[in-house]
Structure formats: structure tokens, C-alpha cells
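Okay, so here's the structure we're looking at.
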Amino acid sequence: MVGPVLIVGAGVAGMTAAVELADAGVHTVLVERLSTVGGNALRLYKAFPTDDCFFCFEGNRWRPGIRKCFYRSALTDQPNIDLRVNTTVVDISGTPGSFTVRLRTEPTYVDPKKCILCGLCTTRSEAFKLSSPQCQPQTVSVDPTLLDDEARRVASECPTHAIDLDATPSEDTLVVSDIVIATGYHEFKPQGVQEYGYGEHPNIITQLELAEMLDPTGPSGGVLLRPSDGAPVERVMMVQCVGSRSVDHFPFCSKICCVFALKHANIIAQEHNGIRVDVVYMDIRTYDRHERYYRMARRAGVGFIRGRVSRVVPRDDGRLDVVIYDSLLDQYLQYEVDLFVLSSALEPSEGTAALISQLGLQDRSGFVAPVEDGSVDGVMAGDHVFVCGTALGPAEVPESVTQARAVVSRILQGGV
Ligand SMILES: Cc1cc2nc3c(=O)[nH]c(=O)nc-3n(C[C@H](O)[C@H](O)[C@H](O)COP(=O)(O)OP(=O)(O)OC[C@H]3O[C@@H](n4cnc5c(N)ncnc54)[C@H](O)[C@@H]3O)c2cc1C
Ligand code: SF4
Ligand code: SF4
């Protein structure tokens, strides 16, 4: 018998698998370690290949009658989905087809059914925040490390009594027929990698951090200002292959970072008049239909410098001096920039390694490796264990969604 099915991770891959299994009548338990669903896609602003705002990304194609926006998705009204946020897997035992899974749920402190998003708590204490205007469940999240006297005072003033700061963790044990790993990726933060200076100056950021700056619903309202002093940005430099294709970090090409860097370069060229963008690269790898982003960037006047960054030196006026070895000119060049943006590797999420070890799976540079079972979909990781999305390795959203659908098809055929 199929179900219940445990899905670990509620990014686009896990959410797609959950909704489509649930629609087919299979009970699913969708476990998410954060307090809201959506995963990394929640932070991306516009999405290739369609350049839609990510909130309504068509690639996910929800059921007819449901808005395309996956943050207002079927997740919250589908009785076959048991969504557990702030939850992780503690251990897994049993046998394939009948796994016993122990889950631990940390308190969310705010009841999403009662919270009316009045904004009282978020304006009074940093412990409360809205992770995104479109987040699901539609409620504020709480950072327990920031709870102080003011947070406790505001909790008692919540007009709907939605906040309970005395809530405690809980554990639950379930028996499930199949397990789907959809734990996704984490953006590599090159702290301590000397040539990039990440963490040493606020104007050195990653592409996900840039996506948040470009987003009109983000903290800067979509205006590009230097984090160090709020001065307008005039010159942006992006550097490719940060941590990827590297003997010191990750041996693989992260596949999508050339495309998302070009996407951001084009957004800046189109929406932020007069800002100069240069991209420092080893190779530009725009796979499949994404070559158009490279052509668009060229036409928009984005500069391309083939070489490697040698060092970044902060200046007194808030700018950064970037020294680059240009491998075409065979010489060192120096540029002055306001924002230095790192196209970092996609590394496996925290927690993926534990699942690989608990289930005795194979790994591929830390991501879950599919078993060679002669199929073309590559989503089977073990007996009644499946994997989809970026838990398999760097991938774009449409690919993650397609893999999730392949998993659903396999499970509906009896988990083979
Ligand atoms: C800068 C940047 C720009 C991008 N732009 C685009 C774009 O324009 N178009 C596009 O198609 N793609 C883009 N991508 C890729 C896109 O982000 C991914 O394809 C997509 O988010 C993958 O979804 P996912 O569900 O596989 O993983 P994730 O989004 O990483 O979701 C995984 C979820 O699992 C949860 N989780 C992790 N570990 C555990 C655990 N142990 N227990 C419970 N829960 C867990 C996480 O909290 C998360 O919610 C971009 C990526 C980056 C870095
Ligand atoms: S004060 Fe209460 S209702 Fe208002 S946003 Fe905070 S939790 Fe929600
Ligand atoms: S996709 Fe581009 S930036 Fe990313 S690792 Fe590959 S070559 Fe480097």
C-alpha cells in the first residue's frame, strides 16, 4: 500500500511532490526545518527562463483553479498534506516500505491561524519578522535567540493572542511507506577565502544577497545602495565560479550560476539606469535555452573580463579596489567598484548528509546520488527512497519540478 509518504524539505521540489501525491489521494507528511515553505525560491525575485516574478512562477503549474503563485498554494487547503514546519527528522528505522521515522518540531511561537499580520510585533521587536510578504503559512516567524523583555511585552499585547512564548518542542513517531529527500541546496559563503574578502566588507555580497537587494519587496525596496553607507551604486562587478570547479571546495560546475549572474546583470541594465556591470569569468556556461541571457547582456553593454580575481581591497571612500589577472591580455588590471558580487557554488543543505547516512545512500560531492536502475529519470536513491530538486545537485526550478513529478509517478507505481 502507498502512503503515508514522508517528504523532507518544502522548497519547490518537495512542495510539488507533496501537492501532486496528495491530489492523487496519497497522504503525505511534508517536513520543513524552517517556519515557512518555499525554500530558496522565496528569495529569488525574477526567475529565468520566463523572467516572471518568482511569486507566480509558471514553471510550477499548479492545479487548475488554484492561482499559479506557489506561496498561496494548495498546500494549505489540501487535507492529504500534513505540513510540519520547524521540523526535522531525528532518526529513521524499520524496513523499506515501512519506515519508522522520528520527528522533532521546534515551537513556532505564533499560531498562523490567529495571526492577522497586524505588524505590531515586527515593528516593536527584532525577534519577530515576516520572512517574505508572500510566505506560507502567512504569519510572522520568531527568532528565539532575540527574545528579550520588549519581545515578551509585545507578545502579551498581540490583539489576537497569537503568540505563546512558552511553547515547547515536541516529538512524534510515524510509519511511512516511502521517503522523498527534497532538502535542496545552500549557497556557499566563502568566508575565509582570502581573494574574495567575503565577510570582511559589507559591499562584498553573494548573488542571493543581490537578488534580495533587487527585489522591490526586499529590505531596500529594490534600490541598489551600498550596504556600507547607503550611497547609490554606480559600478557592480560579479565574479563567477566562486567555490565551484575548485580543488579546495567543490569539484563540480554549479551549472546555473552563469545564468543567474547574467539574469541579474540584465535586470540591473534594464531596471537601474546608468549602473555599469562587469562579469569576471573563466568560461560562460549558459546551457540549453539560456544563451539568450548572454546575448542580451552583451547588447546591454555588460562587460566581460576573462580571468581570476587576485584581491579585493576596501578604500576609504566606501568603494573597493579589485585586482584581476586578465588571462586574455596576460596582465593584472585594477577596477574600482561599489558592489562586488560572488556567484557562489550551490552546496548540499545542512542535514542532507545525516539523511544519506541514516538511509545508507550513496553521495555525490555531498548531494544524494541516484541509484543506477536503468531508468532515465534518475530520482531513485534507494529502496522506497527518492530524491528530487537540488538535493540531487545544482538545478533550476523547472528541472526540480520535473524531477518531483518523476518521483510522484514512481511512488504511484508502487515505489519502484
Ligand atoms: C542566486 C540564485 C538565483 C537563482 N535564480 C533562479 C531562476 O531565476 N530560475 C530558476 O529556475 N532557478 C533559479 N535558481 C535555482 C533555484 O533556487 C532552485 O532550482 C530551487 O530553489 C530548488 O528548489 P528545491 O526545492 O530543490 O530546494 P530549496 O529551495 O533549497 O528547498 C529545500 C527546502 O528543504 C528544507 N530543508 C533542508 N534541509 C532540511 C532538513 N534536513 N529537514 C527539513 N527540511 C530541510 C530547506 O529549509 C528548504 O526549504 C537560483 C539559485 C540561486 C542561488
Ligand atoms: S502582533 Fe500578533 S497578530 Fe500582529 S503580527 Fe504579531 S503575531 Fe501577528
Ligand atoms: S555555471 Fe558558470 S559560474 Fe557556475 S560553476 Fe559553472 S562555469 Fe562557473
Side-chain angles (χ1 to χ4, degrees), residues 8-9 11-13 33 39-41 43-44 48 181-200 204-211 237-264 279-288 290 293 305-312 322 324-325 327 340-357 359 361-372 378-379 381 387-397 399-400 403:
V8 188
V12 285
R33 79 183 153 85
N40 281 298
R43 304 169 61 198
L44 299 183
F48 62 77
I181 302 175
T183 45
Y185 71 92
H186 179 258
E187 187 188 41
F188 172 59
K189 306 281 184 198
Q191 220 111 23
V193 183
Q194 210 186 349
E195 64 267 33
Y196 300 126
Y198 183 78
E200 287 165 22
I204 304 172
I205 62 172
T206 64
Q207 290 285 0
L208 268 183
E209 289 161 355
L210 176 64
M237 179 169 276
M238 298 179 180
V239 56
Q240 301 305 105
C241 301
V242 173
S244 307
R245 306 171 67 194
S246 150
V247 285
D248 297 326
H249 302 287
F250 304 101
F252 50 83
C253 163
S254 288
K255 186 171 121 178
I256 61 171
C257 20
C258 279
V259 188
F260 61 61
L262 293 171
K263 172 185 77 167
H264 288 165
V279 180
V280 183
Y281 70 100
M282 291 202 287
D283 308 286
I284 293 289
R285 295 184 173 175
T286 48
Y287 62 100
D288 195 16
H290 302 308
Y293 283 96
I305 304 157
R306 188 166 195 279
R308 298 301 289 162
V309 172
S310 170
R311 62 183 183 279
V312 184
V322 184
I324 291 167
Y325 170 68
S327 59
F340 187 58
V341 186
L342 309 176
S343 299
S344 279
L346 274 63
E347 62 181 357
S349 284
E350 202 188 318
T352 304
L355 287 167
I356 289 174
S357 130
L359 290 161
L361 310 178
Q362 298 296 312
D363 94 289
R364 191 170 51 184
S365 300
F367 293 100
V368 180
V371 293
E372 300 290 337
V379 294
V387 54
C388 54
T390 46
L392 269 166
E396 57 177 33
V397 168
E399 199 179 350
S400 304
Q403 290 161 349

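Atom set for the values below is all heavy atoms of this structure, side chains included, hydrogens, waters and symmetry mates excluded.
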Side-chain donor or acceptor of Gln403 paired with backbone N/O of Gly389 under 3.5 Å: yes
Rounded distance [0.5 Å steps], CZ in Phe250 versus OG in Ser344: 9.5 Å
Any side-chain heavy-atom pair of Arg308 and Cys241 under 4.5 Å: yes
Main-chain N/O of Leu346 paired to Ser254 side chain as donor or acceptor, under 3.5 Å: yes
Side chain Asp363, main chain Ala353, donor-acceptor under 3.5 Å: no
Ring centres under 6.0 angstrom apart (Tyr196, Tyr198): no
Stepwise side-chain contact (heavy atoms from CB on, under 4.5 Å) check, Leu392 with Arg364: CA-CA 8 Å; Leu392 269 166; Arg364 191 170 51 184; 4.1 Å; yes
Donor-acceptor contact below 3.5 Å, side chain Gln240 vs main chain Asp283: no
Side chain Arg306, main chain Met282, donor-acceptor under 3.5 Å: yes
Heavy-atom closest contact (Cys258 atom, Ile284 atom, distance): SG-CA, 3.8 Å
Shortest non-hydrogen separation from Tyr287 to Lys255 and the atoms involved: CE2-O, 3.3 Å
Side chain to side chain, Met237 and Ile305, heavy atoms closer than 4.5 Å: yes
Ser310 (side chain) donor-acceptor with Tyr325 (main chain) under 3.5 angstrom: no
Heavy-atom closest contact (Leu342 atom, Ile204 atom, distance): CD1-CG2, 4.1 Å
Spacing of Cys388 atom SG and Glu399 atom CD [to the nearest 0.5 Å]: 11.5 Å
Thr183 backbone acceptor or donor facing Ser349 side chain under 3.5 Å: yes
Exercise: identify the closest heavy-atom pair between Ala261 and Gln207: CB-NE2, 3.6 Å
Asn40 side chain reached by Thr390 side chain, heavy atoms, under 4.5 Å: no
Closest contact, heavy atoms only, Ala391 versus Phe367: O-CB, 3.4 Å
Partner set under salt bridge (Lys or Arg N to Asp or Glu O under 4.0 Å) for Asp248, not counting sequence neighbours: none
Minimum heavy-atom distance between His290 and Phe48, given as atom pair plus value: CE1-CD1, 3.5 Å
